[in-house]
Novice: 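Please find one structure pasted underneath; my questions will follow.
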Amino acid sequence: MARIVVDPVTRIEGHLRVEAVVENGVITDAFSSGTMVRGLEKILVGRDPRDAWAITERVCGVCTTVHALASVRSVEDALGISVPPTAELIRNIMLTTQYVQDHVVHFYHLHALDWVDIVNALKANPQKAAELASSFSKWDKNTPAYFSAVQDKIKAFAASGLGIFANGYWGHPAYKLPPEVNLIGVAHYLDALEWQKEVVKIHTVFGGKNPHPNYLVGGVPCSIDVDEVAAINSERLNLVAQLISQADEFVNQVYIPDLLAVASFYKDWAKYGGGLKNYLSYGEFPTKGYGQIDGFKYARGAVLGRDLSTVHPVNPRDAQEIKEYIAHSWYTYDGGNETGVHPWAGETKIAYSGPKPPFDTLAGYDKYSFLKTPRWKDNAMEVGPLSRLLVSYAAGHADVKETVGMVLGKLAVPVDALFSTLGRTAARGIDAALAMIWLKEFFGELMGRVKTRETSTFNGERWEPKSWPSSAEGVGLVEAPRGALAHWIKIENGKIDNYQLVVPTTWNGSPRDAKQQRSSFEESLIGTPVANLEQPVEIIRTIHSFDPCLACAVHLYDPQGRHLHQVSFE
C-alpha cells in the first residue's frame, strides 16, 4: 500500500491537496483537502446588502460575474425586487459569455495538458497535422505553415527548459495522442490564449470592466440608447455582435472539434472517475423572469442513483434540504460538530486542528480541510456541467437532449459514458455549445427590445432601505460554469446580519460528512489505476475534470508554505 500526495494540485484556482491510497496499482481511498482559510462571510456582516455583490465578486478573479449575480439575486429575493426583462436578458448574456470563455480556458489551459503531450508534438509532421485538422474543422489557421511555426515555438520553448511546464509528466505511458494531434492541441492552446481575452469585452460593454464587472440590485448598471455616446449605443452593440460571431466560430470550429478528436483516443476513460451517482442543479437562464423556474433553460432539480427517469424538486429555502456539516472540517459550530446547519443559520468559526504546515500527510487527523461539507437531504451530490446536463436531460429539455445526443453520437458512446472523467470533460464542451446557442438567442432578443425601445434596465421601487422590512432573508442561486452556487443572506434593520456562500467546489471537493460519505473528488478517484506513483497523471485528470476553484477563501502563505500572518475573525 502507498499513499500519494499531490499538493498543490496545479492548474486550478486556489489551493487543493489530494491524498490517495493505492493498493496493487489502484486507488482504494482518497482525501480532498482545501488548504485555504474560509472567512469571507465575516467581512460582510454589518454592511449594506446592496454593496455585497462588489465584495463577494472579488472572492475570485475567474468566477467574478457569477458571485456578483448570486449576490444581487439573494438581495432581490429577500426584498421581493423584480428585474426588468431587458436587464434579465443582459444578465443572461453576461453569464452565457462567462460559460463560453470559462470552458474554453478550462479545456485548453487547465485540462488539455492532462491529455496532450507537449514534447511529443515535436515529432509531428506539420503537413499531416494540417490535413488532419482540416478534416474535422474549417478553422482557417489550420495550415502547414501555421503548424510548422507553432512547432518552431515549441522547439525554442523546449530548448529553454519548458518554463512552467518543466515538471510535466511528458512521455508518460498514459498519453495516447499521435504527434499530429498533440501539435494541434498545443497550437490551439496558444490561439485560445488570444481569443479568450477578446470575448470578455462583452462584459466590459455591459458591466464596465472585466474582471469584476459591475452589477446592481434591481437590474444592471447600464443604459441603452443607440444614439447616446455615454450609453450602450449602436457602436457598442455592433461590437458585441462581432464578438459573439467570433466566439461562435471558435467554439464550433476549434474547441468542439478538438474535444472530439482528443476524446476519441481516450474512450477507455469512460470507465474511470464516475464517482457519485447523485447530481444537483439549481437551474439557470430565466426566460420568463427569475421567479419562474419553468422558463429556465437549465432545469432545477436533483437526480439520485443515476436514475434519469426522475427529477427530484429542489428547494434551497427549505432548512431540511441543504445543510453544511463540519465533522471533518477545521470549523466549529455552537450546536455541536456532528449536526448539519442550513446556510441561513450558518456559522464561520475557524478551529484549525491539523499539523503545522508544511506537512507530509494528513493521515491520522480526523479533520483535514477548510471546506465545509454540503449535503442535499443528507445525500452527497456532484455539481457542475455534467450535473445540469443530466438534470435537464432527465427533465426532457429538448435542446439539451439534442446537443448531448449529437456529441455522444460523434463519439459513438452511450449516455452512460457521461458518468466518468471522459464524460465530465465532454459535458463541459456540450455546456459551452449550448451556452453559445443561447448567447446568440439572448442577444437577438435584446436587439428586438432595442428596436421597440423596451430598454428599461433598473427597477428602483424598493431601492431605499426605508421601504424594506425590518427583517428579511433571501437566497441567490446561480448555475456557475463550475456548478451550483448559492449566496444566503439575512438582513436586519437594513444591514447584513449573516451571509453564507456555498460554492461549487465546496460541494465537489469537501471532506467526508458525519456519516463518512465521501464527496465528489474523493469518490471519483476510487478504482482508478495509477501507472507511476511518482507521476500520478491519472489523479490529475479526474480532479481537473471538475474544474476545481478554491479561491473563495483567504490565505496568507509564502511560496515555501511558511505562515506569514494570522487573521482573526472574532
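In this chain, numbering begins with 1 at the start of the sequence shown. Every value quoted in this text rests on a predicted model; they were computed, and no experiment measured them.
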Novice: Applying the side-chain contact (heavy atoms from CB on, under 4.5 Å) criterion to Val413, which one of Leu422, Leu418, Leu408, Val407 satisfies it?
Specialist: Leu408
Novice: Answer yes or no: is there a side-chain heavy-atom contact under 4.5 Å between Thr65 and Tyr215?
Specialist: yes
Novice: Go through it in stages, so that I can follow the logic: the residues are Thr310 and His312, the test is side chain to side chain contact (heavy atoms under 4.5 Å, CB included), and I'd like the CA-CA distance, side-chain angles, deciding distance and then a yes or no.
Specialist: CA-CA 6 Å; Thr310 304; His312 301 268; 3.9 Å; yes
Novice: With Thr86 as reference, evaluate Thr457, Val220, Val450 under the side-chain contact (heavy atoms from CB on, under 4.5 Å) test and give the passing residue.
Specialist: Thr457
Novice: Assess whether a salt bridge exists between Asp102 and Arg482, defined as any Lys/Arg side-chain N lying under 4.0 Å from an Asp/Glu carboxylate O.
Specialist: yes
Novice: Suppose we call two aromatic rings close when their centres sit under 6.0 Å apart. Are Tyr393 and His397 close by that rule?
Specialist: no
Novice: What distance do Leu446 atom CG and Ile90 atom CD1 have between them, rounded to the nearest 0.5 Å?
Specialist: 5.5 Å
Novice: For residues Ser519 and Ser510, is any side-chain donor paired with an opposing acceptor at under 3.5 Å?
Specialist: yes
Novice: Verify, without hydrogens or angle tests, whether Trp344 (side chain) and Gly474 (backbone) share a donor-acceptor contact under 3.5 angstrom.
Specialist: yes
Novice: Any side-chain donor paired with an acceptor under 3.5 Å for Thr542 and Thr421?
Specialist: yes
Novice: If only atom types and distance count, is the side chain of His544 paired as donor or acceptor with the main-chain N or O of Thr10 below 3.5 Å?
Specialist: yes
Novice: Compare every heavy atom of Gly219 with every heavy atom of Ala87, then report the nearest pair and how far apart it is.
Specialist: CB-CA, 3.8 Å
Novice: Under a 3.5 Å cutoff, is there a donor and acceptor pairing between the side chains of His109 and Tyr189?
Specialist: no
Novice: Charged N to carboxylate O below 4.0 Å: is that the case for Glu76 and Arg91?
Specialist: yes
Novice: Is a side-chain donor or acceptor of Arg300 paired with a backbone partner of Tyr282 at a separation under 3.5 angstrom?
Specialist: yes
Novice: Would you please say whether a donor-acceptor pair under 3.5 Å links the side chains of Asp258 and Tyr108?
Specialist: yes
Novice: Please say which of Trp438, Phe442, Phe285 ends up in a ring pair (Phe, Tyr, Trp, His ring centres under 6.0 Å) with Tyr99.
Specialist: Phe285
Novice: Which value, rounded to the nearest 0.5 Å, describes the distance between Ile224 atom CD1 and Arg453 atom CZ?
Specialist: 11.5 Å
Novice: So, do His342 and Trp488 have ring centers that fall under 6.0 Å from each other?
Specialist: yes
Novice: Side-chain contact, heavy-atom cut-off 4.5 Å: His111 with Asp547?
Specialist: no
Novice: Check this for me: does any side-chain nitrogen of one of Arg424 and Glu382 sit under 4.0 Å from a carboxylate oxygen of the other?
Specialist: yes
Novice: So how far is it from Asp399 CG to Ser392 OG, rounded to the nearest 0.5 Å?
Specialist: 8.0 Å
Novice: Please check this pair: side chain of Ser545 against backbone of Thr425, looking for a donor-acceptor N/O pair closer than 3.5 Å.
Specialist: no
Novice: Within a radius of less than 6.0 Å around NZ of Lys267, do more than 12 heavy atoms belonging to other residues, nucleotides or ligands occur?
Specialist: yes
Novice: Does NZ belonging to Lys410 count more than 12 external heavy atoms closer than 6.0 Å?
Specialist: no
Novice: Walk me through whether Asp114 and Arg11 qualify under salt bridge (Lys or Arg N to Asp or Glu O under 4.0 Å).
Specialist: CA-CA 10 Å; Asp114 302 332; Arg11 279 185 273 129; 3.0 Å; yes
Novice: Start with the C-alpha distance between Leu390 and Phe419, add both sets of side-chain angles, then the distance that settles side chain to side chain contact (heavy atoms under 4.5 Å, CB included), and finish with yes or no.
Specialist: CA-CA 10 Å; Leu390 290 173; Phe419 306 131; 3.6 Å; yes
Novice: Once you round to the nearest 0.5 Å, how far does CG of Asp51 lie from CD1 of Ile496?
Specialist: 8.0 Å
Novice: Answer yes if the side chains of Thr204 and Arg236 hold a donor-acceptor pair under 3.5 Å, and no otherwise.
Specialist: no
Novice: Could you go step by step and tell me if Asn238 and Glu235 meet the side chain to side chain contact (heavy atoms under 4.5 Å, CB included) rule?
Specialist: CA-CA 5 Å; Asn238 287 336; Glu235 180 182 1; 5.7 Å; no
Novice: How about Ile81 and Trp463: do any of their side-chain heavy atoms sit closer than 4.5 Å?
Specialist: no
Novice: Look only at the side chain of Ser420 and the backbone of Gly423, and say whether a donor-acceptor pair between them is shorter than 3.5 Å.
Specialist: yes
Novice: Side chains of Leu260 and Phe136: does their closest heavy-atom pair fall under 4.5 Å?
Specialist: no
Novice: Is there a donor-acceptor pair under 3.5 Å between the side chain of Asp248 and the backbone N or O of Ile244?
Specialist: no
Novice: Less than 6.0 angstrom from the centroid, inside 45 degrees of the normal: does Arg375 satisfy that with respect to the ring of Tyr325?
Specialist: no
Novice: Please walk me through it: do Tyr272 and Ser524 pass side chain to side chain donor-acceptor pair (under 3.5 Å)?
Specialist: CA-CA 8 Å; Tyr272 307 120; Ser524 68; over 6 Å; no
Novice: Does the cation-pi check pass for Arg462 over Trp468, that is, NZ or CZ under 6.0 Å from the six-membered ring centre and within 45° of its axis?
Specialist: no
Novice: Does Asp48 come within less than 4.0 Å of Lys495, counting only side-chain N to carboxylate O?
Specialist: no
Novice: Where the side chain of Asn278 meets the backbone of Ala380, is there a donor-acceptor pair that is under 3.5 Å apart?
Specialist: yes
Novice: Test Leu280 against every option in Val391, Asn379, Val383 by the side-chain contact (heavy atoms from CB on, under 4.5 Å) rule and name the one that passes.
Specialist: Val383
Novice: Could you check if a side-chain atom of Ser223 sits within less than 4.5 angstrom of a side-chain atom of Phe458, using non-hydrogen atoms only?
Specialist: no
Novice: At what distance, to the nearest 0.5 angstrom, does NZ of Lys372 lie from CG of Asp513?
Specialist: 15.0 Å
Novice: Roughly how far, to the nearest 0.5 Å, is CG of Leu550 from CG of Leu371?
Specialist: 5.5 Å
Novice: With salt bridge (Lys or Arg N to Asp or Glu O under 4.0 Å) as the test, pick out the partner of Glu284 among Arg73, Arg388, Lys297.
Specialist: Arg73
Novice: Looking only at side-chain N and O atoms, does Ser82 offer a donor or acceptor that is under 3.5 Å from a partner on Glu461?
Specialist: no
Novice: Do His203 and Lys209 make a side-chain contact, defined as non-hydrogen atoms from C-beta onward lying under 4.5 Å apart?
Specialist: no
Novice: Do Glu321 and Trp376 pair up side chain to side chain, a donor and an acceptor below 3.5 Å, judged on atom types alone?
Specialist: yes
Novice: Centroid-to-centroid, Tyr266 to Trp115, below 6.0 Å?
Specialist: yes
Novice: Counting only N and O atoms by type, is there a donor-acceptor contact under 3.5 Å from the side chain of Gln517 to the main-chain atoms of Asp378?
Specialist: yes
Novice: Can the ring centroids of Phe107 and Tyr255 be said to lie less than 6.0 angstrom from one another?
Specialist: yes
Novice: Does the side chain of Pro481 come within less than 4.5 Å of Gln98's, by heavy atoms?
Specialist: yes
Novice: Is the shortest heavy-atom distance from the side chain of Val341 to the side chain of Glu324 under 4.5 Å?
Specialist: no
Novice: Quick one: do Asp77 and Arg317 make a salt bridge, cutoff under 4.0 Å?
Specialist: yes
Novice: So, the side chain of Thr96 versus the backbone of Ile93: is there a donor-acceptor pair under 3.5 Å, distance only?
Specialist: yes
Novice: Hey, can you tell me if His487 and Tyr499 have their rings parallel, tilted or perpendicular (30° and 60° cut-offs)?
Specialist: perpendicular
Novice: Given 3.5 Å as the limit, does a donor-acceptor pair link the side chain of Glu228 with the main chain of Ala230, or not?
Specialist: yes
